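Worksheet for the structure shown next.
FYI, side chains are in, hydrogens and waters are out, and symmetry mates aren't considered; it's all heavy atoms of this structure. As the structure is a computational prediction, the values presented were derived from the model and not from experiment. Every chain is numbered from 1 and lettered A, B, ... according to where its sequence line falls, protein lines coming before strand lines.
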Amino acid sequence: SQRFGHEFMEIEVCPSGKLRYANNSNYNNDKIIRREVCLGPAVVAELKRIILTSDITTVDDENWGEPPAARRQELEIKIGNEHIAFTCAEIMSLADVQNSPDPKGLTVLYYLTQDLKCFVMSLINLHFKIKPIPP
Amino acid sequence: HKHQHQHHHHDTEMPPPPPVAGPLRSIEGWVLFVTGVHEEAQEDDIRDKFGEYGLIKSIALNLDRKTGQVKGYALVEFSEREEAQDAINALHGTPLLGKTIGVHWTFCRKEI
């Protein structure tokens with residue numbers, strides 16, 4: 001992902017259970033924090049449950065248009081044979097989605113992203129006991 | 001100052017926790033991952049159940065960002081591995097607010 005002096009957060013969970021996390025926070029002199037840890041199978045299963053119960057598979061970004069290069073968010077999910085990816089302008093709040101071409105779909109994406117960040121941040125914070133980074 | 005061990009009804013249909021490569025210690029202790037947490041559970045409910053097995057260092061009980069209810073999982077940290085293992089043995093497959101919870105190691109030493 002590209003950086004323009006803004007914050008970015010990158011999260012990857014591999015099917016093997018490896019969690020990779022990177023965050024470039026302005027609160028830390030632009031230093032990139034990278035963490036990696038292996039998650040147990042129950043944790044990976046719960047992550048899948050959260051994704052599958054979010055209705056994200058009913059969402060289609062066909063009509064969303066191309067977002068700006070800066071301040072965009074990408075979500076890519078591969079579970080078994082299903083692979084879905086979404087790219088959109090960064091959703092700062094729900095008010096942003098109301099005037100979009102697909103408020104319903106973007107709302108699903110917004111909440112799923114929040115739930116996933118929450119999930120991963122709890123894992124990272126408990127395992128590494130670093131100072132919590134503001135969401 | 002451990003309490004007398006309660007008899008817990010284990011849900012026999014619940015599979016045992018899957019084997020992991022070996023649980024991994026976190027920076028300050030051992031973190032358990034709890035699944036099947038009831039949506040109205042509160043931190044005290046977790047504390048009451050798990051506190052029997054040792055001093056709890058941390059609890060994370062995350063909420064569903066849309067509904068405001070519990071998302072369904074929790075993290076519980078103990079200082080000692082034995083305490084965490086005791087909690088797994090006693091509580092995995094038992095009810096919390098009527099719903100069966102799973103209790104698992106959160107982190108493991110190598111990829112599965």
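To the nearest 0.5 Å, atom CZ of residue B:Arg65 and atom OG of residue A:Ser54 are 15.0 Å apart. Here the straight-line distance linking atom NZ of B:Lys71 with atom CD of A:Gln114 works out to 11.5 Å at 0.5 Å rounding.
Summarising the geometry of B:Ser58 relative to A:Lys129, their closest heavy-atom pair is OG-NZ, 3.5 Å, with the distance given to 0.1 Å. When all heavy atoms of B:Lys66 and A:Tyr111 are compared, the closest pair comes out as CA-CE2, 3.5 Å. For the residue pair A:His127 and B:Ser26, the shortest heavy atom distance occurs at ND1-OG, 2.7 Å.
Shown here is B:Gln42, whose CD atom has no more than 12 heavy atoms of other residues, nucleotides or ligands within 6.0 Å. Counting non-hydrogen atoms of neighbouring residues, nucleotides and ligands closer than 6.0 angstrom, the CD atom of A:Glu36 exceeds 12 such neighbours.
At a 4.5 Å heavy-atom cutoff, the contact between A:Val43 and chain B is made by backbone and side-chain atoms alike.
Counting heavy-atom pairs closer than 4.5 Å to chain A, the top-ranked of the candidates B:Arg25, B:Glu28, B:Lys57, B:Glu77 is B:Glu28. Of the listed residues (B:Leu24, B:Leu63, B:Leu75, B:Asp64), the one with the most heavy-atom contacts under 4.5 Å to chain A is B:Leu75. Comparing A:Leu123, A:Leu126, A:Asp115 by how many heavy-atom pairs each has under 4.5 Å with chain B, the most go to A:Asp115.
Using the six-membered ring where Trp is involved, A:Phe119 and B:Tyr73 have ring planes that are perpendicular, over 60° apart on the 30 and 60° scheme.
Checking each of B:Val31, B:Thr106, B:Asn62, B:Leu61 against A:Ser122 for a side chain to side chain contact (heavy atoms under 4.5 Å, CB included) leaves exactly one that passes, namely B:Asn62.
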